[in-house]
Number of protein chains: 2
Amino acid sequence: MFHSNAKNGTVKLQNYASVFAALGDETRLSLVSKLTSGRSHSISQLAEGSKITRQAVTKHLRVLEGAGLVHSTRNGREQLYHLDLRPFKDIEEYLGFVSKQWDQALSRLKSFVEDERK
Amino acid sequence: MFHSNAKNGTVKLQNYASVFAALGDETRLSLVSKLTSGRSHSISQLAEGSKITRQAVTKHLRVLEGAGLVHSTRNGREQLYHLDLRPFKDIEEYLGFVSKQWDQALSRLKSFVEDERK
DNA sequence: GTAAAATGCAACCTAAAAGTTGCGTGATAT
DNA sequence: ATATCACGCAACTTTTAGGTTGCATTTTAC
């Protein structure tokens, strides 16, 4: 199954799935929420106050990075993570597409029923 | 972490996570895509042509149902599934919220830098 | 009334996800 | 120079996800 997005790039369902899956975890959602501050955050910053270990946070960040939701750069001994909005926009668009399909299908069904009544 | 949506209901991050997680699987995404036709589909209908067993499809449908993305009704010996757009709208809104936070944070940072230069 | 269809349920298997501990290695502050 | 900070990596454990097979139950078609 395929679907073309705004920039006319063809995106496989698989790509969407990996982005959704990356966001499908409370810990990662709260990491994302911390990263919306605009600034880059180091792993230690992102891990402090957390109930899980720094190493576990690292794993989550790599899942997010694998889905393209964040990128990282090194600065001395720190690894800095920041958001990339593009995949967010992509799935937002996909969700809009699903809604649109559904709405159109419903209105087709509705007019079909109305035609049947005549 | 909390976030209020359009209908002023307070939604926990956990709820979003379960919706994202439900969509974070290729098989379930293609089930959703089948269900956008507007009509209800039975489990057997949804399973035919699939590489996995009918029982596995049932499990996926229950994950979707658990996240509120689909609902089911019984009709004789058939179990019919149909989409519910609300959770789709919810996470679409959440994604918009994240983008907005990020954009605002960036513009604050930008004006901060500009102030520093004066 | 019997066979076939549609489903539910339980037990089981396997692989992956989520998390831990332990240790090693560069950067940095003092 | 030497602690200490920030991190990477590897091994390991536990839990969950995804999938299967087998069988029972309820509808429905003929």
Side-chain angles (χ1 to χ4, degrees), chain A residues 1 12-35 37 39-82, chain B residues 1 12-35 39-82 87:
Chain A
M1 193 62 66
K12 287 178 202 146
L13 232 48
Q14 195 185 351
N15 298 126
Y16 292 119
S18 73
V19 176
F20 281 124
L23 294 175
D25 178 282
E26 245 186 293
T27 304
R28 288 193 290 267
L29 276 188
S30 68
L31 286 174
V32 164
S33 133
K34 284 182 189 173
L35 290 173
S37 75
R39 292 180 181 80
S40 292
H41 295 258
S42 71
I43 298 180
S44 295
Q45 283 179 318
L46 292 168
E48 74 181 344
S50 173
K51 288 164 187 165
I52 62 179
T53 60
R54 190 243 324 157
Q55 288 90 330
V57 171
T58 297
K59 286 193 183 180
H60 283 295
L61 286 169
R62 287 184 183 165
V63 172
L64 291 171
E65 195 166 24
L69 291 160
V70 303
H71 296 288
S72 67
T73 51
R74 204 169 234 303
N75 184 351
R77 60 182 167 185
E78 290 182 323
Q79 190 77 23
L80 298 177
Y81 282 84
H82 58 273
Chain B
M1 192 63 64
K12 285 177 204 146
L13 232 46
Q14 195 185 351
N15 298 125
Y16 291 118
S18 73
V19 175
F20 282 123
L23 294 175
D25 178 283
E26 245 187 294
T27 303
R28 289 194 290 268
L29 276 187
S30 66
L31 286 174
V32 165
S33 132
K34 285 181 187 173
L35 290 173
R39 292 179 179 80
S40 292
H41 295 258
S42 71
I43 298 180
S44 295
Q45 284 179 315
L46 291 168
E48 75 182 342
S50 174
K51 288 165 190 168
I52 61 179
T53 61
R54 189 247 321 161
Q55 288 91 329
V57 171
T58 297
K59 284 195 185 179
H60 283 296
L61 287 169
R62 287 184 182 164
V63 172
L64 290 171
E65 193 166 26
L69 291 160
V70 303
H71 296 290
S72 67
T73 52
R74 206 171 232 303
N75 184 349
R77 62 181 163 181
E78 291 183 324
Q79 190 77 23
L80 299 177
Y81 281 85
H82 59 273

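Below, chain A is the first sequence line, B the second, and so on; all start at residue 1. Here the structure is a predicted model, which is why all the values come from computation and not from measurement.
Taking side-chain N and O atoms only, A/Arg74 has no distance below 4.0 Å to OP1 or OP2 of D/dA6. For the OP1/OP2 pair of D/dG8 and a distance below 4.0 Å, the side-chain nitrogens and oxygens of A/Gln79 include at least one atom meeting the criterion. For the OP1/OP2 pair of D/dT20 and a distance below 4.0 Å, the side-chain nitrogens and oxygens of B/Thr53 include at least one atom meeting the criterion. In this model, the phosphate group of C/dA5 is not approached by any side-chain N or O of B/Ser44 to a distance below 4.0 Å at OP1 or OP2. Taking only side-chain nitrogens and oxygens, B/Thr58 never comes nearer than 4.0 Å to OP1 or OP2 of C/dT7. Contact between the side-chain N/O atoms of A/His60 and the OP1/OP2 oxygens of C/dA17 is not found at any separation under 4.0 Å. Contact annotation: B/Arg62 side-chain N/O to C/dC9 OP1/OP2 distance is under 4.0 Å.
Paired runs in DNA chain D that reach 3 or more consecutive Watson-Crick or G-U pairs, where each pair keeps both distances under 3.5 Å, cover C:1-30 with D:1-30.
Between the base of D/dG18 and the side chain of B/Gln55 there is no donor-acceptor pair shorter than 3.5 Å. No hydrogens or angles were tested; on distance alone, nothing pairs the side chain of A/Arg77 with the base of D/dC7 as donor and acceptor under 3.5 Å. For C/dG19, the base has no donor-acceptor partner in the side chain of A/Arg54 [N/O atoms by modelled type, under 3.5 angstrom].
Taking all atoms of both residues into account, the shortest heavy-atom contact from A/Leu64 to A/Ala22 is CD2-O, 3.9 Å. Nearest heavy-atom pair, B/Leu80 versus B/Ser40, reported as atom, atom and distance to 0.1 Å: CB-CB, 3.9 Å. Pairing each heavy atom of A/Ser72 with each of A/Glu65, the nearest pair is OG-OE2, 2.9 Å.
The shortest distance between side-chain heavy atoms of B/His60 and B/Ile52 falls below 4.5 Å. Within the 4.5 Å cutoff, the side chain of A/Leu61 has heavy atoms near those of the A/Val57 side chain.
Position along DNA chain C of the nearest nucleotide to A/Gly24 versus A/Asn75 favours A/Gly24 as the more 5'-ward residue.
Note: CD (A/Glu78) to C1' (D/dG8) measures 15 Å, nearest angstrom.
At least one donor-acceptor pair closer than 3.5 Å links the side chain of B/Arg74 to the backbone N or O of B/Gly76. Remark: the backbone N or O of A/Ala17 is not paired with any side-chain donor or acceptor of B/Arg28 at under 3.5 angstrom.
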